[in-house]
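Reviewing the structure listed below.
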Amino acid sequence: MRIIISPAKKMTEDVDGLPWQSLPDFLPQTEELLTVLRAMPYDALKALWRCNDQIAALNAERLSQMDLHHRLTPAILCYEGIQYRYMAPSVFTADEFAYVQEHVRILSGFYGVLRPFDGVRAYRLEMQTKLKTCDAKDLYTYWGAMIAEKLFEETACIINLASKEYSQCISRYLRPEIRLIDCVFGEEKDGKVVEKGTMCKMARGEMVRYLAENQVTEPEKVRSFDRLQFCFSPEHSREDRYVFLRPGMCRQDA
């Protein structure tokens with residue numbers, strides 16, 4: 001079983017904390033993207049990133065000094081944002097770190113796919129960014145089936161805790177023998193399950209923490225998640241879609 005999660009826009013670097021263990025599998029592809037980005041003028045980068053001058057200046061400086069082999073931070077500790085705050089990897093136990101290293105994979109527009117202790121540098125490059133390379137019109141085309149094929153080599157069951165922006169890198173290339181289980185966190189309104197962005201990010205982070213704390217290795221046990229007042233709703237769920245609803249919105253006897 002593998003658990004896929006999205007990265008975060010906000011990143012930090014800590015070269016004095018826990019050491020990284022390995023380099024990303026798709027480092028040659030990342031080096032190619034770095035070359036493309038470094039060749040772009042500042043105004044083009046700012047437009048590509050769709051951010052203000054302060055953020056653009058920070059990330060342009062990062063590009064100019066980026067060395068993909070040195071002064072690296074473990075990926076799981078490099079990303080910040082709501083999902084990672086609720087996951088709280090900085091207070092994982094040794095067993096929990098071992099669990100996420102084995103089971104969690106972070107999808108990335110810049111690195112493709114990362115193990116939690118792959119060494120990375122802070123960057124800004126969302127998967128949906130319209131970055132053109134010599135062979136591709138955007139990052140979805142650039143990465144193609146590479147990310148999915150890498151995951152399929154590792155497992156036949158994937159728990160999807162990533163946003164659609166990233167999970168479609170897997171779902172587009174799904175094979176009949178691969179089970180992809182989407183996890184939905186929402187509430188029922190007018191007969192439909194409605195998700196709210198911030199709450200979803202919180203729940204995804206809490207889910208990773210829950211799975212790590214309980215060392216969950218069987219997909220059916222994912223349904224026991226009960227953090228942030230969510231509970232599994234059999235009525236709304238399918239074999240490939242686990243739905244978790246907030247209080248008063250789920251029927252345990254369904």
Side-chain angles (χ1 to χ4, degrees), residues 5-20 22-90 105-143 147 162-169 197-198 200-202 204-205:
I5 62 175
S6 303
K9 290 182 185 178
K10 188 176 180 181
M11 300 184 71
T12 188
E13 294 182 334
D14 179 8
V15 299
D16 298 319
L18 291 175
W20 56 277
S22 55
L23 291 172
D25 287 325
F26 294 127
L27 201 59
Q29 288 79 12
T30 302
E31 290 172 338
E32 182 178 346
L33 291 175
L34 178 58
T35 298
V36 172
L37 290 168
R38 278 180 169 165
M40 297 175 64
Y42 174 81
D43 288 344
L45 286 170
K46 182 183 175 184
L48 183 77
W49 291 328
R50 293 184 297 177
C51 62
N52 59 37
D53 280 315
Q54 182 179 6
I55 295 174
L58 170 64
N59 285 281
E61 178 67 15
R62 284 173 170 171
L63 280 179
S64 69
Q65 298 184 7
M66 191 174 291
D67 181 336
L68 298 175
H69 294 82
H70 300 95
R71 297 189 63 77
L72 307 178
T73 301
I76 195 74
L77 301 176
C78 197
Y79 294 106
E80 298 184 321
I82 296 172
Q83 178 180 356
Y84 289 84
R85 289 202 298 271
Y86 277 77
M87 189 191 311
S90 61
R105 297 294 178 264
I106 305 167
L107 308 186
S108 165
F110 191 52
Y111 284 101
V113 62
L114 293 163
R115 295 172 292 264
F117 276 87
D118 282 350
V120 301
R121 296 294 297 263
Y123 66 91
R124 187 181 179 91
L125 193 65
E126 297 172 78
M127 187 64 76
Q128 62 188 359
T129 301
K130 301 294 185 181
L131 178 66
K132 295 182 180 179
T133 64
C134 59
D135 298 320
K137 64 178 181 179
D138 57 25
L139 289 174
Y140 289 113
T141 308
Y142 180 80
W143 288 111
I147 298 172
S163 64
K164 186 176 180 181
E165 175 187 351
Y166 288 91
S167 64
Q168 63 182 294
C169 296
T198 298
C200 285
K201 292 177 182 177
M202 293 163 57
R204 289 166 181 161

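For this chain, numbers begin at 1 and follow the sequence in order.
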Quiz prompt | Residue list, side chain to side chain donor-acceptor pair (under 3.5 Å) with Lys201, at least two apart or on another chain | solution = none

Quiz item: Rounded to the nearest 0.5 Å, how far does CE of Met127 lie from CD of Glu165?
Solution: 7.5 Å

Quiz item: So, for Leu37 and Leu48, which heavy atoms are closest and what is the spacing to 0.1 Å?
Solution: CD2-CD2, 3.8 Å

Quiz prompt | Counterpart residues, side chain to side chain donor-acceptor pair (under 3.5 Å), relative to Glu61 (two or more places apart) | solution = Gln65

Self-check item: Nearest non-hydrogen partners of Leu33 and Gly109, listed with the distance
Solution: CD1-O, 3.6 Å

Exercise. Working to the nearest 0.5 Å, report the span between NZ of Lys9 and CD1 of Ile55.
Key: 8.0 Å

Quiz item: Can Glu126 and Tyr166 be said to form a side-chain contact (heavy atoms from CB on, under 4.5 Å), step by step?
Solution: CA-CA 9 Å; Glu126 297 172 78; Tyr166 288 91; 4.0 Å; yes

Quiz item: Who pairs with Tyr140 by side chain to side chain donor-acceptor pair (under 3.5 Å), at least two apart in sequence or on another chain?
Solution: Gln168

Quiz prompt | Step-by-step side-chain contact (heavy atoms from CB on, under 4.5 Å) determination, Leu125 to Leu131 | solution = CA-CA 9 Å; Leu125 193 65; Leu131 178 66; 4.2 Å; yes

Quiz item: What residue pairs, at least two apart or across chains, pass salt bridge (charged side-chain N to carboxylate O under 4.0 Å, His left out) with a residue in residues 38-51?
Solution: Lys46-Asp53

Quiz prompt | Nearest heavy-atom neighbours spanning Ser6 and Ser163 | solution = OG-N, 2.9 Å

Self-check item: Arg121 and its side chain to side chain donor-acceptor pair (under 3.5 Å) partner, picked from His70, His69, Glu13
Solution: Glu13

Quiz item: Do Arg124 and Leu58 have side chains that get closer than 4.5 Å, going by heavy atoms?
Solution: no

Quiz item: Quick one: CG on Asn59 to OG on Ser64, what's the gap to the nearest 0.5 Å?
Solution: 10.5 Å

Quiz prompt | Rounded distance (nearest 0.5 Å) linking atom CZ of Arg85 with atom CD of Glu80 | solution = 8.5 Å

Quiz item: Nearest heavy-atom pair of Gly112 and Trp143: which atoms, and what distance?
Solution: N-CZ2, 3.4 Å

Quiz item: Between Ala56 and Cys51, what is the shortest heavy-atom contact and its length?
Solution: N-SG, 3.6 Å

Quiz prompt | Value rounded to 0.5 Å, distance of CD1 in Ile147 from OH in Tyr111 | solution = 14.0 Å

Self-check item: side chain to side chain donor-acceptor pair (under 3.5 Å) against Glu31, all qualifying residues, sequence neighbours excluded
Solution: none

Exercise. Return yes if some donor-acceptor pair links the side-chain N/O of Arg115 with the main-chain N/O of Ala75 below 3.5 Å, else return no.
Key: no

Quiz item: Going by atom types alone, do Ser108 and Tyr123 pair a side-chain donor with an acceptor below 3.5 Å?
Solution: yes

Self-check item: For Tyr42 against Ala60, the heavy-atom pair lying closest together
Solution: CD1-CB, 4.1 Å

Quiz item: Roughly how far, to the nearest 0.5 Å, is the CG atom of Leu63 from the CG atom of Leu45?
Solution: 6.0 Å

Quiz item: Ignoring hydrogens and geometry, is there a side-chain-to-backbone donor-acceptor pair from Tyr84 to Met11 under 3.5 Å?
Solution: no

Practice problem: Would you please name every residue forming a salt bridge (charged side-chain N to carboxylate O under 4.0 Å, His left out) with Lys137, sequence neighbours left out? | Solution: none

Exercise. Tell me, with the steps shown, if Ile106 and Asp118 meet side-chain contact (heavy atoms from CB on, under 4.5 Å).
Key: CA-CA 10 Å; Ile106 305 167; Asp118 282 350; over 6 Å; no

Exercise. Determine, stepwise, if the pair Thr129 / Phe110 fulfils side-chain contact (heavy atoms from CB on, under 4.5 Å).
Key: CA-CA 10 Å; Thr129 301; Phe110 191 52; over 6 Å; no

